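Only one structure is covered here, and it is reproduced in the block below.
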Amino acid sequence: MAAGKNRNRNIGLEMLVIFVSVVGLVLLLYLVMILSFQDGDRSASETMSIAVRISRIIYENPTEDEVKAIGLMLRYVAHLLLFFVVGLVTTFVSMVIFRRYYRIFGVILSAGICYLLAYYTEYYKQFVEGRHFQMTDVALNWLGSAAGIACMVLSYFMNRLLVKMSS
């Protein structure tokens, strides 16, 4: 009887983890969409204001080219980091939902979702005022996602190895 209660509690906890993970993923994807479909002038001005602050920390009297270079690096890092988190979270959710040998399918599915998101967030930017499609941004988005997926898969295997070594 106690085993049945414990099993029901575990199922409830698993359902809670799945629900929270999916809600977190949806909120993250909403953030990606908000940032991707931001007006071009607003996006550029926010990036450049941050670039000016960073360049003033690095250089005493930054030139316009130095500020532009830092702005470009900042934009590239933002693409990589945002999609790293997307890849990490998407793979985590797929690994929570899919169990045993189906985790492989979940990882492949999350890679497909990340690629589609990486491409189509850039594709639809051409329909936003002041924005345009850039294949380099698609590549940065996909590289960030792939790194997040790889980290989650590596984390999973390291966890399995540690559990196996401890028993």
Side-chain angles (χ1 to χ4, degrees), residues 17-18 20-55 57-59 62 64-99 101-162:
V17 168
I18 290 171
V20 169
S21 300
V22 169
V23 168
L25 178 61
V26 168
L27 290 174
L28 179 65
L29 295 179
Y30 180 70
L31 173 69
V32 168
M33 292 302 160
I34 286 173
L35 293 174
S36 294
F37 300 132
Q38 194 177 42
D39 182 63
D41 293 333
R42 182 177 175 203
S43 176
S45 68
E46 286 178 4
T47 302
M48 290 314 286
S49 71
I50 295 169
V52 166
R53 284 189 235 147
I54 292 172
S55 63
I57 292 170
I58 297 172
Y59 306 106
E64 188 175 324
D65 288 338
E66 291 168 338
V67 173
K68 283 183 182 179
I70 289 174
L72 185 64
M73 283 188 223
L74 189 63
R75 199 172 62 89
Y76 286 171
V77 167
H79 278 277
L80 287 170
L81 284 177
L82 182 62
F83 276 87
F84 175 82
V85 173
V86 168
L88 199 72
V89 172
T90 305
T91 307
F92 175 77
V93 170
S94 74
M95 291 177 97
V96 166
I97 293 173
F98 296 102
R99 300 295 178 139
Y101 298 109
Y102 298 111
R103 279 199 173 108
I104 296 168
F105 173 72
V107 170
I108 293 169
L109 181 66
S110 65
I113 290 169
C114 286
Y115 178 76
L116 289 174
L117 189 64
Y119 182 81
Y120 282 106
T121 54
E122 289 301 318
Y123 176 78
Y124 285 112
K125 280 184 185 178
Q126 63 188 336
F127 303 112
V128 176
E129 185 71 31
R131 304 293 291 265
H132 54 280
F133 177 83
Q134 286 187 321
M135 199 60 187
T136 56
D137 289 348
V138 173
L140 288 170
N141 293 348
W142 173 238
L143 286 174
S145 294
I149 292 167
C151 278
M152 185 53 70
V153 170
L154 182 65
S155 169
Y156 171 76
F157 284 118
M158 290 298 292
N159 184 33
R160 299 287 297 173
L161 179 66
L162 291 172

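Not measured: the values here are computed from a predicted model.
Taking the side-chain contact (heavy atoms from CB on, under 4.5 Å) definition, one finds that Gln134 meets it with Arg75, His132, Thr136, Asp137, sequence neighbours left out. Applying the side chain to side chain donor-acceptor pair (under 3.5 Å) test to Thr91 and every residue at least two apart in sequence or in another chain returns Ser110. Considering only residues two or more places apart in sequence or on other chains, Leu74 meets the side-chain contact (heavy atoms from CB on, under 4.5 Å) condition with Thr47, Ile50, Ile54. By the side chain to side chain donor-acceptor pair (under 3.5 Å) test, Arg53 is found to be paired with no residue, residues two or more places apart in sequence or in another chain being considered. Looking at residues two or more places apart in sequence or on another chain, you find no ring-ring contact (aromatic ring centres under 6.0 Å, His included) involving Tyr156. Partners of Glu66 according to the salt bridge (charged side-chain N to carboxylate O under 4.0 Å, His left out) rule, which considers only residues two or more places apart in sequence or in another chain, do not exist here. Scanning for side-chain contact (heavy atoms from CB on, under 4.5 Å) contacts around Tyr123 gives Tyr119, Tyr120, Gln126, Phe127, Phe133, with sequence neighbours left out. With sequence neighbours excluded, the residues that form a side-chain contact (heavy atoms from CB on, under 4.5 Å) with Phe98 are Ser94, Tyr102, Phe105, Leu109.
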Could you list the donor-acceptor pairs under 3.5 angstrom formed by side chains in residues 22-35, with sequence neighbours left out?
none

Please set out all donor-acceptor pairs under 3.5 angstrom arising from side-chain atoms of residues 145-153, sequence neighbours excluded.
{"from": "Ser145", "atom 1": "OG", "to": "Phe83", "atom 2": "O", "distance (Å)": "3.4"}
{"from": "Ser145", "atom 1": "OG", "to": "Asn141", "atom 2": "O", "distance (Å)": "3.1"}

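Around atom CD1 of Ile18, more than 12 heavy atoms belonging to other residues, nucleotides or ligands sit under 6.0 Å away. Heavy atoms from other residues, nucleotides or ligands lying under 6.0 Å from CZ of Phe84 number more than 12. More than 12 heavy-atom neighbours from other residues, nucleotides or ligands sit within 6.0 angstrom of CZ on Arg99.
When all heavy atoms are compared, the tightest approach of Met48 to Gly71 is SD-CA, 4.4 Å.
Under the salt bridge (Lys or Arg N to Asp or Glu O under 4.0 Å) criterion, no residue pair touches residues 101-117, with sequence neighbours excluded. Within the structure, salt bridge (Lys or Arg N to Asp or Glu O under 4.0 Å) pairs that include any residue of residues 41-52 comprise Arg42-Glu46 (at least two apart or interchain).
No donor-acceptor distance shorter than 3.5 angstrom exists from the side chain of Arg131 to the backbone of Phe37, with no hydrogens or angles considered.
One finds the CZ atom of Phe157 at 13.5 Å from the CG atom of Leu162 (value rounded to the nearest 0.5 Å).
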